[in-house]
Amino acid sequence: MRDLPITYGVGRAMPGAKMLRQVAGQMLASPACGCWTSAPLARFLATSPRQIPADANFHSGSFSGSDQTRILITGGLGQLGVGLANFLRKRFGKDNVILSDIRKPPDHIFHSGPFIYSDILDYKNLREIVVNNRITWLFHYSALLSAVGEANVPLARAVNITGLHNVLDVAAEHNLRLFVPSTIGAFGPTSPRNPTPDLCIQRPRTIYGVSKVHAELMGEYYHYRYGLDFRCLRYPGIISADSQPGGGTTDYAVRIFHDAIKNGKFECNLKSSTRLPMMYIDDCLRATLEVMEAPAESLSMRTYNVNAMSFTPEDLAQELLKHIPEFQITYNVDSVRQAIADSWPMNFDDSNARKDWGWKHDFDLPELVTTMLNSDTRVAQAN
Ligand SMILES: NC(=O)c1ccc[n+]([C@@H]2O[C@H](COP(=O)([O-])OP(=O)(O)OC[C@H]3O[C@@H](n4cnc5c(N)ncnc54)[C@H](O)[C@@H]3O)[C@@H](O)[C@H]2O)c1
Ligand SMILES: C[C@@H](O)[C@H](N)C(=O)O
């Protein structure tokens, strides 16, 4: 799948030198706030396959006639999306949060609030949904995670990179506040791993990581270049009771609970000593809403590390043994996942999030294990 070339005027390719001169002119004329005006952007993108009229103001979507926050979640049927929808519906009202995916929702999700088909690779479909539903905030959760991404690189590239381009353009055109999650996987073997700060070398070696660094940079570029209200958190591995992980490297930390409750034993696909940053889903969803509601002036950056705890499979097994004395863990290492985990942060430095917008996690390892085991009905149902 390829992006169409950017064109200028009606269906006419903008010569490279002319385009560069125009962009350079806009840069020189930009205000000191570092946030460039939107009108030149309209001209620039008017030319894009997105079919924006040449004289349109890029932020024309802002006259929706209502201050009501109207939310779209893409890729909402994965591990995190349904929980996010439930969480946001408590805050903004059931009908103001639309869950979307390319998969068919189970009955209980379909009946719990608005659900719509949306393929992020279909730009016109995405735009139609945003316009018809007067969307103001977009949470972009569609992705192929680290392990499944390595198994299907062309699809991961399409969904994680081309899909992101569609989302960025629709968000910029319609003045949306846009949340895109990044990940510990956006770092690589040459990054400092213990701890990993917000700003350091990022040379990931998975298509997932590469696409997430691209998302961080493109989102920040759209923010500084076009004024897009882009907000991004780098999540650690997320642990949830009532939803299954979608094919990542940290999946073991969810599956261990399911297997411990069902069978009293677990075969782990990472080495016992593999330390990774992790977070319980309630903390993850709260961090996501908090950064979206943070006043713009409190955000010194647009992409933040967030963290809660850091543990190895052995640490987690020891904590489980306190509750299930007969629990047994064995190891059968998956070389692909192990190589990925060995290149990721062991501890995550999230001091900027804590300083700028007051991030504070609630769940450490003991609370995580107690809460997951107390949710055993939900864990069993998710099997
Ligand atoms: N779960 C974690 O531990 C974790 C950690 C860090 C970051 N994240 C990020 O959070 C987001 C959500 O993660 P998740 O665990 O729920 O992922 P997931 O893999 O469980 O779900 C992703 C969803 O995207 C959908 N999707 C795939 N192709 C699509 C397309 N063309 N159009 C629309 N939807 C499509 C899938 O159907 C799936 O439901 C992702 O961006 C992920 O990178 C997750
Ligand atoms: C860490 C995160 O991005 C995801 N759970 C993965 O392992 O791929």
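Every number for a ligand or one of its atoms is a count from 1 in the order of the listing.
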Nearest neighbour in protein (non-hydrogen) for [atom]:
atom                    : value
atom 22 (C) of ligand 1 : A143 O, 3.6 Å
atom 3 (O) of ligand 1  : I238 N, 2.9 Å
atom 4 (C) of ligand 2  : T250 OG1, 3.9 Å

Charged N-O contact under 4.0 Å between [X] and [Y]:
X    : Y    : answer
D229 : R231 : yes
D283 : K360 : no
D315 : R275 : yes

Just go through [options] and tell me whose heavy atom is the nearest to [atom].
atom                    : options          : answer
atom 30 (C) of ligand 1 : N160, L233, D119 : D119
atom 41 (O) of ligand 1 : H140, K212, M279 : K212
atom 42 (C) of ligand 1 : Y208, F179, Y117 : Y208
atom 5 (C) of ligand 1  : P236, G78, S243  : P236

Within-shell test, [X] vs ligand 1, heavy atom, strictly < 4.0 Å:
X    : value
L77  : yes
G237 : yes
A158 : no
G163 : no
Q244 : no

Does only the side chain of [X] get under 4.0 Å from ligand 1, or the backbone, or both, or neither? Count heavy atoms.
X    : result
R234 : neither
S100 : neither
Q79  : both

Discussion item. Does the plane of the ring in Y222 sit parallel, tilted or perpendicular to the ring in Y226? Use 30° and 60° as the thresholds.
Written reply: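 Plane angle over 60°, so perpendicular.
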Worksheet item: Using the ring of each side chain (for Trp, its six-membered ring), is Y141 parallel, tilted or perpendicular to F139, with breaks at 30° and 60°?
Response: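 Rings of Y141 and F139: perpendicular, as their planes differ by over 60°.
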Worksheet item: For ligand 2, is there an N or O atom under 3.5 Å from any N or O atom of S146?
Response: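 In this structure, S146 places an N or O atom under 3.5 Å from an N or O of ligand 2.
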Worksheet item: Against heavy atoms of Y208, which atoms of ligand 2 measure under 4.0 Å?
Response: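 So the answer, numbered in order with elements, is 2 (C), 3 (O), 8 (O).
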Practice prompt. Pull out every atom of ligand 1 sitting under 4.0 Å from any heavy atom of S118, numbered as shown with elements.
Written response: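 Numbered from 1, ligand 1 contributes 32 (N), 33 (C).
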Worksheet item: Which ligand 1 atoms are under 4.0 Å away from a heavy-atom of P181?
Response: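 That gives atoms 9 (C), 10 (O), 11 (C), 41 (O) of ligand 1.
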Item to complete: Give a yes/no verdict on whether any heavy atom in W344 is under 4.0 Å from an atom of ligand 2.
Response: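 Under 4.0 Å: yes for W344.
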Worksheet item: In a check of salt bridge (charged side-chain N to carboxylate O under 4.0 Å, His left out) between D198 and each of K355, R354, R234, which one passes?
Response: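 It is R234; the other options fail the test.
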